[in-house]
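Working notes for the structure below.
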Protein chains: 2
Amino acid sequence: MAKPIPTIKEIARKLNVSASTVSRALHDHPRIGLKTKERVKKLAGELGYEPNSQAIFFKQQKTFVIGVILPSIREEFFSQAISGIEAVTTQSDYTILFAQSYDDYKREVIVAETMKRQRVDGLIISLSKETTKLQHLEAFKEMNIPVVYFDRVPAGDACHKVSCNMKTGTVEMIHWLFSEGLKRIAIINGPKALFASKERLAGYMEGMQQHKLKVDMQLVEETDFSEDSTYKAVSNLLSLKKLPQAIISFNDYVHMDAVKAALKKKVKVNRDLLFVSYSNLNITGYTSYPPAASIEQYPYEQGKMAAEILFQLLNNKQNTDQSYIRQQLIPKLVLH
Amino acid sequence: MAKPIPTIKEIARKLNVSASTVSRALHDHPRIGLKTKERVKKLAGELGYEPNSQAIFFKQQKTFVIGVILPSIREEFFSQAISGIEAVTTQSDYTILFAQSYDDYKREVIVAETMKRQRVDGLIISLSKETTKLQHLEAFKEMNIPVVYFDRVPAGDACHKVSCNMKTGTVEMIHWLFSEGLKRIAIINGPKALFASKERLAGYMEGMQQHKLKVDMQLVEETDFSEDSTYKAVSNLLSLKKLPQAIISFNDYVHMDAVKAALKKKVKVNRDLLFVSYSNLNITGYTSYPPAASIEQYPYEQGKMAAEILFQLLNNKQNTDQSYIRQQLIPKLVLH
DNA sequence: TTGTAAGCGTTATCAA
DNA sequence: TTGATAACGCTTACAA
């Protein structure tokens with residue numbers, strides 16, 4: 001059954017020509033005999049010859065593979081993002097080596113190692129929520145493998161990254177809430193380590209101050225994204241003497257858990273207490289209590305842009321220009 | 001800036017030993033001098049040596065990469081499945097080359113080609129809903145690359161596959177509906193070409209007959225999974241003279257669209273008309289009208305089993321045993 | 001205990 | 001127009 005894959009050598013042997021001739025014939029090299037070319041192509045077709053990319057890549061020191069590491073593909077945000085990445089890579093005949101960190105720093109290090117060993121030509125990553133150190137990724141740079149971060153990006157300037165300016169988005173959100181007459185605005189933020197959390201907080205502060213609203217730190221809660229943690233955050237907010245009039249959740253998943261918690265506590269969701277969120281995912285459309293407003297973060301576009309930046313870097317490898325590319329998308333407030 | 005990745009040769013040169021010694025030292029070959037071993041390892045560490053897997057794989061004629069082709073990772077079903085696959089591959093130091101067919105046959109062919117060129121060691125695939133011909137996948141067999149299908153599997157016997165026995169599941173569902181006193185049971189099935197659709201229909205027929213219920217083909221609708229198509233199916237059912245008492249949707253996404261449609265038509269969902277479904281996805285828990293019952297299809301387990309079968313095949317490559325492995329999971333009816 | 005050399009499949013360079 | 005050869009990085013039989 002094992003009809004082995006023919007190699008150039010075999011074709012050469014059967015045709016009594018040299019391997020290089022076969023190679024050239026298959027590549028339509030200009031100065032190769034027409035007859036030879038045809039003979040070679042014919043036999044190659046019959047034998048079902050397939051060039052061995054492993055060998056080619058090995059020789060070229062390229063793999064035509066880019067690594068993609070995401071916290072969790074189950075989140076619609078990331079599944080959309082990877083589709084954006086895929087849209088770009090397909091065009092360039094690149095493929096995607098995929099792995100999840102499951103928001104676990106150790107796993108992120110391990111899968112990064114694996115991808116490094118696999119010699120991916122480039123890496124696109126959205127950091128795990130636990131990640132603070134970046135040695136495992138700095139290592140790529142040393143090997144001259146470009147790394148592009150997106151969405152969950154490091155704070156510093158010394159990296160290529162794509163993200164949504166959540167500060168701006170949050171300011172806009174508060175602006176809208178204020179215009180609706182709401183002044184006691186709470187936020188359930190993500191883990192402090194996340195850059196995205198810092199941005200949200202900064203936007204929260206700035207937005208409140210712009211409208212001369214007092215910032216009450218009791219209104220600032222935090223979740224590690226587990227349902228329990230979000231439940232606790234909601235509990236805390238609902239046990240305050242002065243109840244909040246609106247809750248901004250870190251994203252739509254937190255939002256859904258927050259609503260669940262609020263309903264248990266008999267809150268009249270979006271009547272007594274307005275829930276708003278980030279991400280603007282499709283699934284909220286099917287839920288009982290979608291957020292009254294959500295900030296669209298364009299995951300597909302973020303993925304696409306990250307991939308585009310990566311290819312830009314790959315094509316300028318020898319380029320001495322060592323500046324970093326940083327793109328910020330302007331999020332859009334979507335009312336529901 | 002380009003500190004190039006050191007190779008075995010360089011280490012050998014700097015240490016005035018041969019490349020083979022370095023290779024053996026790094027692999028803890030038993031009969032290599034302790035001192036040499038240490039010297040080599042030390043320098044390798046200092047230089048940040050990383051074995052070039054490309055070269056190793058090239059030599060071993062293996063890639064330690066398996067291809068995974070899914071219709072759409074945005075569906076929770078498939079994102080759970082790939083996590084199951086990943087759980088297995090990680091243990092064996094394999095990585096996943098990932099691509100989506102977007103339920104487009106042509107795309108499926110293209111990405112399959114790409115993976116073949118990349119010489120994946122094996123392939124796991126869930127077919128696009130358009131796929132009827134399998135040449136693009138037969139080609140893998142000829143190259144001795146094992147292929148394992150899961151969930152959306154071909155009908156024939158001549159392949160390795162994992163799926164949930166949806167016939168059994170559907171019979172069980174009808175059994176339960178009957179026990180709830182419902183007799184006019186409609187089904188919104190998927191495209192006829194899908195094996196999964198055939199199984200559901202077979203189960204529907206059998207279930208109805210078991211309970212001596214008349215099978216009325218007007219109660220059997222079909223959707224191509226688009227919201228419009230599902231809307232039309234629901235419309236048709238609701239315009240029947242004798243209205244159905246229950247609707248079985250192909251999966252939870254169809255279910256959600258079906259409910260949306262029914263609500264537009266002023267149906268009292270799950271009161272006048274009971275909605276049940278397949279998949280038992282988490283997201284339905286957040287929706288206003290989760291299915292009254294859903295058939296758990298164990299996507300994570302299916303992915304895991306498919307990967308396990310694949311590794312079994314990879315480890316028995318020379319094995320002459322050419323029988324096909326076919327696994328069926330028994331789905332579970334989950335009441336909500 | 002270590003070194004030498006061949007080989008994996010392909011392509012590029014040089015020579016014929 | 002075609003052929004011979006070397007090279008990519010690594011492993012491994014065989015030789016020393």
Side-chain angles (χ1 to χ4, degrees), chain A residues 4-41 43-44 47-64 93 116-121 143-145 317, chain B residues 2 4-41 43-44 47-65 93 116-121 143-145 317:
Chain A
I5 315 131
T7 69
I8 271 189
K9 281 186 189 171
E10 279 168 41
I11 299 182
R13 199 170 34 76
K14 294 199 177 168
L15 256 37
N16 269 319
V17 295
S18 78
S20 30
T21 303
V22 174
S23 172
R24 283 187 278 235
L26 291 171
H27 284 85
D28 278 322
H29 193 283
R31 45 187 206 213
I32 214 84
L34 195 63
K35 278 178 295 183
T36 328
K37 208 179 278 188
E38 277 171 359
R39 286 206 309 148
V40 168
K41 288 196 173 177
L43 187 62
L47 262 46
Y49 169 76
E50 293 264 359
N52 184 336
S53 315
Q54 287 308 113
I56 299 173
F57 300 163
F58 170 55
K59 193 167 168 45
Q60 298 185 345
Q61 303 284 59
K62 286 190 71 174
T63 55
F64 285 94
D93 267 316
K116 218 168 50 190
R117 269 203 309 277
Q118 285 277 0
R119 292 286 200 274
V120 292
D121 286 344
M143 291 173 70
N144 254 335
I145 301 173
K317 238 190 165 156
Chain B
I5 314 131
T7 69
I8 269 188
K9 280 186 189 169
E10 280 170 39
I11 299 183
R13 199 171 34 75
K14 295 201 177 165
L15 255 40
N16 268 318
V17 295
S18 77
S20 37
T21 303
V22 175
S23 171
R24 282 185 278 237
L26 291 171
H27 284 87
D28 276 321
H29 188 103
R31 42 186 210 211
I32 215 82
L34 194 63
K35 276 177 295 183
T36 326
K37 208 179 280 189
E38 277 173 358
R39 285 205 310 148
V40 169
K41 288 196 173 177
L43 187 61
L47 262 46
Y49 169 76
E50 292 265 358
N52 183 336
S53 315
Q54 287 307 113
I56 299 172
F57 300 163
F58 170 55
K59 188 165 173 45
Q60 299 185 345
Q61 303 283 61
K62 285 191 72 175
T63 55
F64 285 94
V65 170
D93 267 316
K116 218 167 53 191
R117 269 205 307 280
Q118 284 277 358
R119 293 283 200 276
V120 292
D121 286 344
M143 290 174 69
N144 254 336
I145 302 174
K317 233 182 174 164

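Residue numbers begin at 1 in each chain, while the letters A, B, ... track the order of the sequences.
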*With respect to the side chain of B/I56, which nucleotide from D/dT1, D/dC10, C/dC8 is positioned closest?*
D/dC10

*Sequence neighbours left out, what passes ring pair (Phe, Tyr, Trp, His ring centres under 6.0 Å) with A/F57? Give chain and number order.*
A/F64

*Can you check the A/K9 NZ to D/dG3 C1' distance for me, whole Å?*
15 Å

*Only counting residues at least two apart or in another chain, list the ones meeting side chain to side chain contact (heavy atoms under 4.5 Å, CB included) with B/D28.*
B/K37, B/K41

*asked:* Tell me the interatomic distance from A/L34, atom CG, to D/dT1, atom P, rounded to whole angstroms.
replied: 10 Å

*asked:* Judged by each residue's nearest nucleotide on DNA chain C, which is more toward the 5′ side, B/H29 or B/Q61?
replied: B/H29

*Residues forming a side chain to side chain contact (heavy atoms under 4.5 Å, CB included) with B/R39, sequence neighbours excluded*: B/L15, B/V17

*Can you tell me the distance, in whole Å, between the CZ atom of B/R13 and the P atom of C/dG3?*
15 Å

*asked:* Strictly below 4.0 Å: does B/T21 bring a side-chain N or O up to OP1 or OP2 of C/dG3?
replied: yes

*Within the pair A/K37 and D/dT1, is there a side-chain N or O less than 4.0 Å away from OP1 or OP2?*
no

*Using whole Å, report how far NZ of A/K62 lies from C1' of C/dT10.*
16 Å

*What is the distance, rounded to the nearest whole Å, between atom CZ of A/R117 and atom C1' of D/dC10?*
15 Å

*What pairs with A/R117 under salt bridge (charged side-chain N to carboxylate O under 4.0 Å, His left out), at least two apart in sequence or on another chain?*
B/D93

*Roughly how many Å is it from CD1 in B/I8 to P in D/dT12, rounded to a whole number?*
11 Å

*Could you work out which one of D/dC10, D/dT1, C/dT2 sits closest to the side chain of A/T36?*
D/dT1

*Which part of the nucleic acid, if any, lies within reach of A/Y49 when heavy atoms closer than 4.0 Å are counted: base, sugar-phosphate only, or nothing?*
sugar-phosphate

Output a table of nitrogen or oxygen pairs between the protein and nucleotides 12-15 of chain C separated by less than 3.5 Å.
unit_1: C/dT13; atom_1: O4; unit_2: A/R24; atom_2: NH1; d: 3.3

*How do B/R119 and B/P30 order along DNA chain C: which one's closest nucleotide is nearer the 5' end?*
B/P30

_For A/S23, all residues meeting side-chain hydrogen bond (donor to acceptor under 3.5 Å, both in side chains), sequence neighbours excluded_ = none

*asked:* Using 0.5 Å steps for rounding, measure from the NZ atom of A/K116 to the CD atom of B/E50.
replied: 4.5 Å

*At what angle, to 10 degrees, do the two end axes of the helix from C/dT1-D/dA16 to C/dA16-D/dT1 meet, given five pairs define each axis?*
50°

*Whole-Å distance between C/dT2 P and B/I11 CD1?*
16 Å

*What nucleotide among D/dT2, D/dG9, C/dG3 has an atom nearest to a side-chain atom of B/F58?*
D/dG9

*Measure the CG-CD1 distance between B/L26 and B/I32 for me, rounded to the nearest 0.5 Å.*
10.0 Å

*Mind checking side chain to side chain contact (heavy atoms under 4.5 Å, CB included) for A/H29 and listing every partner two or more places apart, or none if nothing turns up?*
A/R24, A/R31

*Please give, in whole Å, the distance from D/dA7 P to B/N52 CG?*
18 Å

*What pair of heavy atoms forms the shortest contact from A/I8 to A/Y49, and how long is it?*
CG1-OH, 3.5 Å

*Which residue pairs pass the salt bridge (Lys or Arg N to Asp or Glu O under 4.0 Å) test when at least one of the two sits in residues 52-62 of chain A, sequence neighbours left out?*
none

